[in-house]
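The structure under discussion appears below in the form of structure tokens.
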Amino acid sequence: MRNLRDLTYNEICEEIKTLGERPYRAGQVYRWVFKRDVREIDSMTDLSKDLRQRLKERFYIGLPEVLEKRRSRDGTVKLLLGLEDGLTVECVLMHEDRRTTLCVSTQVGCAFGCTFCMTGRGGFLRNLTLSEMAGQVSRAGDLLEEKERITNVVLMGMGEPLANFKEVVRFIKILTDPDGMGFSKRKVTLSTAGIIPGIERLGRTVDIRLAVSLNATTEGVRSKLMPINRKYPLGELLSVLRRYPLKRGGRITFEYILIKGINDSLRDARRLAGLLRGIPSKINLIPFNPFPGSSFERPEEDRVVAFQDILREEGYTVVVRKSKGGDISAACGNLYARPLKALDRKVL
Ligand code: SF4
């Protein structure tokens with residue numbers, strides 16, 4: 001039995017053909033699954049009973065189980081989801097002004113070991129499938145009131161999306177397909193630690209927003225914070241980003257986690273301004289969110305403001321990202337998957 005939510009439109013077409021059905025049936029099934037988000041094949045009411053029965057003999061509609069739901073004082077909600085093989089993954093729903101943003105995970109754990117990130121500490125377990133990523137959107141959507149909806153999706157949760165390229169692209173295509181989940185391409189952002197071949201391939205494959213986790217202004221500091229820099233150094237990364245195919249008015253978002261005494265000097269701010277010169281950019285400054293076992297500290301407020309001011313004076317759009325969900329470990333770099341057996345298994 002296969003999960004229908006793991007199939008793209010073309011794959012559903014193939015299955016419908018095998019069943020000897022007319023091709024337009026594939027579009028119906030696809031829309032029921034991704035656009036209307038039904039949870040049972042029997043809910044596909046414009047299919048004949050016989051076709052539904054034959055679909056049920058081969059397929060099911062499976063979503064991750066909600067194991068834990070934690071709501072922060074600021075309204076941020078973190079979901080802990082149980083996967084079919086017993087692993088778990090987290091996603092975070094945040095509200096800000098008129099935006100409701102879902103931060104989606106793309107892997108269980110992460111192999112990249114960035115020293116400021118709790119996800120990296122647990123190591124890499126496996127890639128997430130299309131249905132497991134789409135399932136995060138559905139489960140988060142279930143939390144909203146009837147008139148509310150998720151406005152933005154960021155692939156910024158657990159894992160490095162470009163290390164799960166094929167499945168992530170399948171997910172993005174359905175996410176941004178008007179007959180699929182229907183998100184505007186401008187409202188979907190993929191964030192990478194800087195996998196150069198993946199960035200180049202992404203630019204040729206899909207047209208969504210790109211964010212790069214930069215976090216340092218010298219090769220030495222970046223290599224200490226992000227071991228991936230030894231393979232794909234900052235200098236090379238920036239030259240690839242200079243050539244990244246952007247739409248008119250498009251910009252690359254640079255995430256910069258400010259860590260006290262490590263990368264938050266005013267010299268760093270000036271150097272950063274110089275490094276990004278010529279790249280249409282938006283800079284997100286994220287004061288470090290401490291987590292147990294980390295020796296890094298968050299900089300003082302006035303240092304954050306001074307860092308931001310220098311970049312602004314240099315003409316950059318700079319936002320200091322308010323930390324969301326800090327009281328429920330939902331802030332940037334704080335996501336962590338626990339093995340299911342370590343949890344009091346309670347399906348919500
Ligand atoms: Fe992995 Fe991203 Fe964390 Fe680095 S910051 S360890 S790439 S999840």
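This is a predicted model, so every value here is computed, not measured. Counting convention: from 1, in listed order, for ligands and their atoms alike.
Proximity of Val89 to Glu132: side-chain heavy atoms (C-beta onward) are nowhere separated by under 4.5 Å.
Here is the list of ligand 1 atoms found below 4.0 Å of a heavy atom in Gly120: 6 (S). Against a heavy-atom cut-off of under 4.0 Å, Gly159 is close to the following atoms of ligand 1: 8 (S). Of all atoms in ligand 1, listed by their number and element, those nearer than 4.0 Å to a heavy atom of Phe112 are 7 (S). For ligand 1, the atoms closer than 4.0 angstrom to any heavy atom of Cys110 are 1 (Fe), 6 (S), 7 (S), 8 (S). Residue contact check: Gly113 has heavy atoms under 4.0 Å from atoms 6 (S) of ligand 1.
The heavy atom nearest to atom 6 (S) of ligand 1, considering only Ala163, Cys114, Gly122, Ala193, is found in Cys114.
In this structure, the separation between OG on Ser213 and CD on Glu160 is 9.0 Å, given to the nearest 0.5 Å. Here the OG1 atom belonging to Thr119 is positioned 8.0 Å from the CD atom belonging to Glu90, to the nearest 0.5 angstrom.
With sequence neighbours left out, the side-chain contact (heavy atoms from CB on, under 4.5 Å) criterion links Tyr9 to Cys13, Ala26, Tyr30.
A side-chain contact (heavy atoms from CB on, under 4.5 Å) with Pro161 holds for exactly one of Leu155, Leu202, Asn127, Leu128; it is Leu155.
Residue contact annotation: Cys117 places no N/O/S atom under 2.8 Å from atom 1 (Fe) of ligand 1.
Salt-bridge annotation for Glu314 and Arg277: present, with a side-chain N of the basic residue lying under 4.0 Å from a carboxylate O of the acidic one.
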